[in-house]
There are 2 protein chains.
Amino acid sequence: MAEDRLSVIFAALADPTRRGILARLAEGDATVSELAEPFAISLPAISRHLKVLEHAGLITRSRSAQWRSSSLNPEPLREATAWMERYRQFWDANFDRLDAHLRRIQAQTERKDR
Amino acid sequence: MAEDRLSVIFAALADPTRRGILARLAEGDATVSELAEPFAISLPAISRHLKVLEHAGLITRSRSAQWRSSSLNPEPLREATAWMERYRQFWDANFDRLDAHLRRIQAQTERKDR
DNA sequence: TCGTTAATTAACGGATGCGTTAAACATAGA
DNA sequence: TCTATGTTTAACGCATCCGTTAATTAACGA
């Protein structure tokens, strides 16, 4: 399961190696070998991670000769952030906490009234 | 593996049922049965999802009689967002795209110079 | 054409994730 | 104390994830 876009994105971000790859790509495009270099895992493993990132839309890839260059595509990060934004009110310092409290109380009251 | 905090958080968010539970909790605390109601899965399955969310720190739980109430804890969402913020420059409209372009070019040049 | 380099695919193994049903546990209340 | 209700734990099955090594594909370049 987990075919919806957000799930695919979050799942892709749930691996530290993949987040490391994204961090590297934030500094500029890189080949598979370059991306693999900081990690103590095999090249095929990196290749799979890249496929996951590509499937999530987090990177795009191009080939030039025998090198395959990856570049960061931030769009999915924007989507994921947009989803989290819905909860920003719950932690944002500028948020009126009283309002949240009242809404919680209200929800509980409604529940008991059933 | 995947023991680091961010991985646990992202993994918890990678399931649509769990995101649905969080959305429900944003409206106020709820019991396990209440949380399970919108979903076509068994109660034990919901119970496991809650355990995952709790382990990620996304919810806190309290018991009152035989009911176990869950409440949203937004802290991990703040952490996850903070991580993504590092990439905001790549998609934010207010960002000077030329700067990003120059940094990419620069990185590629450095690589070729090796 | 042959060898080298870059990367992927194939085949496998072990761990984890997510669902189920059945059983157990915890508390309230007659 | 017995029963009903809410929730968790146990035990299982199946799919997916993540890693490995070996083999394969693709392109360059002497």
Side-chain angles (χ1 to χ4, degrees), chain A residues 1-22 24-25 29-56 58-71 108 111-112 114, chain B residues 1-22 24-25 29-56 58-71 108 111-112 114:
Chain A
M1 299 209 176
E3 293 181 3
D4 63 290
R5 188 154 170 72
L6 267 179
S7 295
V8 171
I9 295 168
F10 281 128
L13 296 176
D15 184 280
T17 301
R18 289 196 288 265
R19 290 198 306 279
I21 289 173
L22 293 179
R24 167 63 186 81
L25 291 176
D29 297 0
T31 66
V32 177
S33 302
E34 287 171 333
L35 291 172
E37 194 263 327
F39 302 102
I41 62 178
S42 66
L43 220 54
I46 296 292
S47 190
R48 287 178 188 284
H49 281 308
L50 292 177
K51 191 175 287 183
V52 172
L53 289 171
E54 185 178 26
H55 185 240
L58 284 159
I59 65 172
T60 56
R61 314 181 74 183
S62 61
R63 63 167 63 184
S64 155
Q66 69 265 56
W67 293 277
R68 305 212 175 174
S69 182
S70 297
S71 65
Q108 285 183 338
R111 205 156 58 248
K112 282 173 186 157
R114 273 186 210 144
Chain B
M1 297 209 177
E3 293 181 3
D4 64 288
R5 188 154 170 73
L6 266 180
S7 295
V8 170
I9 295 169
F10 281 128
L13 296 176
D15 184 280
T17 300
R18 288 195 288 265
R19 290 198 306 280
I21 289 172
L22 293 179
R24 167 63 186 80
L25 290 176
D29 297 0
T31 66
V32 177
S33 301
E34 286 171 334
L35 291 172
E37 193 263 326
F39 302 103
I41 62 178
S42 67
L43 222 54
I46 296 291
S47 189
R48 286 179 189 283
H49 281 308
L50 291 176
K51 192 176 285 184
V52 172
L53 289 170
E54 185 177 27
H55 185 239
L58 284 159
I59 65 172
T60 56
R61 314 182 72 184
S62 61
R63 63 168 63 186
S64 154
Q66 68 263 57
W67 293 276
R68 303 214 177 174
S69 182
S70 297
S71 65
Q108 284 182 338
R111 204 157 58 248
K112 282 173 187 159
R114 272 187 208 141

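Computed from a predicted structure; not experimentally measured. Residue numbering restarts at 1 for every chain, and letters A, B, ... go by the order of the sequence lines.
- Looking at A:Leu58, A:Leu53, A:Leu35 one by one, the single match for side-chain contact (heavy atoms from CB on, under 4.5 Å) with A:Leu25 turns out to be A:Leu35.
- Considering only the side chain of B:Arg61, D:dT8 comes nearest among D:dT8, C:dG19, D:dT9.
- Between A:Asp15 and A:Arg48 no salt bridge is recorded (no basic side-chain N to carboxylate O distance below 4.0 Å).
- Rounding to the nearest 0.5 Å gives a distance of 12.0 Å between CD of A:Glu37 and CG of A:Leu43.
- Counting only heavy atoms from C-beta outward, the side chains of A:Leu13 and B:Leu6 never approach each other to under 4.5 Å.
- Judged by distance alone, the side chain of A:Arg61 and the main-chain N or O of A:Lys51 form no donor-acceptor pair under 3.5 Å.
- Using a 4.0 Å cut-off, some side-chain N or O of B:Lys51 falls inside it from OP1 or OP2 of D:dT9.
- Here the P atom of nucleotide D:dC17 and the NE2 atom of A:His49 are 12 Å apart, to the nearest Å.
- Residue B:Glu54 contributes atom CD, which lies 14 Å from atom P of D:dT7 at whole-angstrom precision.
- In this entry the distance linking CD of B:Glu3 with P of C:dG17 reads 11 Å, nearest Å.
- Here the P atom of nucleotide D:dG19 and the CZ atom of A:Phe39 are 10 Å apart, to the nearest Å.
- Across the protein-nucleic acid pair, A:Leu35 atom CG and C:dA6 atom P stand 14 Å apart, rounded to whole Å.
- Within the 3.5 Å criterion, the main-chain N or O of B:Trp67 finds no donor-acceptor partner in the side chain of B:Ser64.
- Checking C:dT8, D:dT9, C:dG19 against the side-chain heavy atoms of A:Ser47 singles out C:dT8 as nearest.
- One N or O on the side chain of A:Ser7 and one on the backbone of B:Ala14 form a donor-acceptor pair closer than 3.5 Å.
- In this structure, B:Arg63 atom CZ and D:dT7 atom P are separated by 11 Å, rounded to whole Å.
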Anything under 3.5 Å between a protein N or O and an N or O of nucleotides 28-30 of chain C, put it in a table, one pair a line.
none

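- Nucleotide C:dG17 holds its C1' atom 14 Å from the CG atom of B:Leu53, rounded to whole Å.
- Contact check, A:Ser33 against C:dA7: a side-chain N or O comes under 4.0 Å of OP1 or OP2.
- Comparing C:dA7, D:dT9, D:dT8 against the side chain of B:Val32 picks out D:dT8 as the nearest.
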Could you list, one pair per line, each protein nitrogen or oxygen that sits under 3.5 Å from a nitrogen or oxygen of nucleotides 20-23 of chain C, together with the distance?
{"residue": "C:dT20", "atom": "OP1", "partner": "B:Ser42", "partner atom": "N", "Å": "3.4"}
{"residue": "C:dT20", "atom": "OP2", "partner": "B:Ser42", "partner atom": "N", "Å": "2.9"}
{"residue": "C:dT20", "atom": "OP2", "partner": "B:Ser42", "partner atom": "OG", "Å": "2.5"}

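- Between B:Arg18 atom CZ and C:dT16 atom C1' the separation is 12 Å, expressed in whole Å.
- For B:Arg63, there are no salt bridge (Lys or Arg N to Asp or Glu O under 4.0 Å) partners at least two apart in sequence or on another chain.
- Projected onto DNA chain D by closest heavy-atom contact, B:Ile46 and A:Arg68 fall at different nucleotides, the more 5' of which corresponds to B:Ile46.
- Using a 4.5 Å cut-off on side-chain heavy atoms (C-beta onward), B:Phe39 and B:His49 make no contact.
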